[in-house]
Amino acid sequence: MMLVDSHCHLDDERLYPTVDEVLQRADAAGIKVLQTICTERKDFPVISALADMYPNVYCSFGIHPHHADKDIVDEAEILEAAQHPKVIGIGETGLDYFYENAPRDEQIESFKKHIRAARKLDLPVIIHSRDADDDTIAIMDEMREEGPYKALFHCFSSSAKLAEYGMKNDVFFSASGILTFKKSDELREIFKKVPEDLLLVETDAPYLAPVPMRGKTCEPAFTAHTAQRLADIREVPLEHIAKVTTENFFMLFNKAKPPHAA
């Protein structure tokens, strides 16, 4: 059985010093491919170096909405960074109105730049949306008027409204450890309804450790716990969820190659 951790942060100080061991534990748990995500320009050299070092690690390039006002990137820079052979996605980008670490207008402008670049590259845009459902929908619709693009709601934990929009527009949904949390009944109901051809799994490591690993630093090996919970709520075998989410990952992030095809 093979799983893919579609979204983690191997450059984080809680994982990076022991990344060899982190990846060994992931492999032992059946997580054979990982995508480590860029959130700031300054981190990309480390992130891309990790992808170069490990055959089963891919990466993204993008600026998190928290940094949209200070880490201003233009479309040309995104296009250039994505020429790296292991960059398979653009982001994470999007909107975060919960913390509002950057002004909303700057978050919106950055989000649009990422979508435009992703469209030109034919790579998925990796979307972070928190307490910003209406603006997320409005911007995604506005950008779709300029042309189609591929999108993923990473660590989806938003409202049924955003979920319905995503399902209607073939946006992919990635389940994280939040799916296992005691108070996530509404989220579990949403993930019962997401078409299986739009499902992925992730850890967002080192954040959001799933049950039964709460209180520990999250790491890619824990993907298996989220996948098991997803299988339970959809009443299918874990092996089926592993197969579906792995196939979906390589269909969406089609610049990545399965291990046997590498």
Side-chain angles (χ1 to χ4, degrees), residues 2-68 70-94 110 113-114 117-118 120-126 128 152 154-155 174 176 200-208 217-223 246 249-250 252-262:
M2 171 180 166
L3 284 161
V4 176
D5 185 354
S6 64
H7 191 114
C8 61
H9 300 275
L10 295 178
D11 61 309
D12 187 276
E13 61 184 7
R14 288 161 285 185
L15 300 177
Y16 185 73
T18 58
V19 70
D20 281 338
E21 291 85 350
V22 167
L23 292 174
Q24 287 168 14
R25 288 191 292 271
D27 183 74
I31 291 78
K32 302 299 183 181
V33 173
L34 308 88
Q35 181 175 195
T36 187
I37 302 295
C38 181
T39 60
E40 295 182 76
R41 175 192 281 109
K42 68 179 178 59
D43 296 332
F44 185 64
V46 173
I47 289 166
S48 58
L50 282 167
D52 285 335
M53 188 179 305
Y54 299 100
N56 65 327
V57 174
Y58 292 90
C59 66
S60 71
F61 179 81
I63 307 300
H64 193 285
H66 286 342
H67 311 296
K70 298 179 179 64
D71 208 359
I72 298 172
V73 66
D74 60 28
E75 191 177 321
E77 184 176 353
I78 300 172
L79 296 173
E80 181 180 358
Q83 299 312 303
H84 187 286
K86 298 295 285 288
V87 169
I88 61 171
I90 301 304
E92 64 186 281
T93 182
S110 180
K113 289 178 187 176
H114 284 76
K120 288 181 180 178
L121 294 159
D122 194 28
L123 295 179
V125 59
I126 301 161
H128 169 113
L152 167 67
H154 122 77
C155 190
S174 185
S176 72
L200 276 73
V201 286
E202 66 168 270
T203 56
D204 204 14
Y207 310 100
L208 304 173
T217 297
C218 189
E219 57 180 77
F222 298 174
T223 309
T246 296
F249 175 85
F250 289 108
L252 178 62
F253 294 100
N254 58 11
K255 193 175 168 183
K257 303 299 179 187
H260 57 79

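Treat the numbers as computed from the prediction; the structure is a model and nothing was measured.
Figure legend: Arg25 and Phe222 shown without cation-pi pairing, the cationic atom not lying both under 6.0 angstrom from the six-membered ring centre and within 45 degrees of its axis.
Under the side-chain hydrogen bond (donor to acceptor under 3.5 Å, both in side chains) criterion, Lys32 pairs with Asp27, sequence neighbours left out. Take Asp20 and apply the side-chain hydrogen bond (donor to acceptor under 3.5 Å, both in side chains) test, not counting sequence neighbours, and it matches Tyr54. For the salt bridge (Lys or Arg N to Asp or Glu O under 4.0 Å) test, no residue two or more places apart in sequence or in another chain qualifies with Glu92. Listed by chain and residue number, Asp5 satisfy the side-chain hydrogen bond (donor to acceptor under 3.5 Å, both in side chains) test with Thr203 (two or more places apart in sequence, or in another chain). With sequence neighbours left out, Ser60 forms a side-chain hydrogen bond (donor to acceptor under 3.5 Å, both in side chains) with no residue at all.
Between Ser6 and Ile37 the shortest heavy-atom distance is O-CD1, 4.2 Å. Residue Cys218 comes nearest to Tyr207 through the heavy atom pair CB-O, 3.1 Å, listed as atom of the first residue, atom of the second, then distance. Nearest heavy atom pair, residue Val87 against residue Ala81, reads CG2-O, 3.6 Å. Smallest separation of non-hydrogen atoms from Ala118 and Val125: CB-CB, 4.0 Å. Pairing each heavy atom of Pro259 with each of Phe250, the nearest pair is CD-CZ, 4.3 Å. Contact detail for Pro220 and Ile31: the closest heavy-atom pair is O-CG1, 3.6 Å.
Formation of a donor-acceptor pair under 3.5 Å by the Lys113 side chain with backbone atoms of Val73 is found in this model. Thr246 places a side-chain N or O within 3.5 Å of a backbone atom of Met2 that can act as its donor or acceptor partner. For Tyr58 (side chain) and Lys257 (main-chain N/O), a donor-acceptor pair under 3.5 Å exists by modelled atom type. Side-chain atoms of His114 come within 3.5 Å of backbone atoms of Ile63 as a donor-acceptor pair (strictly under, hydrogens ignored). For Glu202 (side chain) and Cys155 (main-chain N/O), a donor-acceptor pair under 3.5 Å exists by modelled atom type. Checked by atom type and distance alone, the side chain of Ser110 never pairs as donor or acceptor with a backbone atom of Ala68 at under 3.5 Å.
Screening residues 76-91 for salt bridge (charged side-chain N to carboxylate O under 4.0 Å, His left out), with sequence neighbours left out, gives Arg41-Glu77.
Annotation: Tyr16, atom OH; neighbour count of heavy atoms from other residues, nucleotides and ligands within 6.0 Å does not exceed 12.
The aromatic rings of His7 and His9 stand perpendicular to each other, their planes meeting at an angle above 60°, with 30° marking the opposite boundary.
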| side chain to side chain contact (heavy atoms under 4.5 Å, CB included) between Thr36 and Asp11: does it pass, once the steps are laid out? | CA-CA 8 Å; Thr36 187; Asp11 61 309; 4.2 Å; yes
| Could you go step by step and tell me if His84 and Phe61 meet the side chain to side chain contact (heavy atoms under 4.5 Å, CB included) rule? | CA-CA 10 Å; His84 187 286; Phe61 179 81; over 6 Å; no
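Between Gln83 and Leu121 the shortest side-chain heavy-atom distance falls below 4.5 Å.
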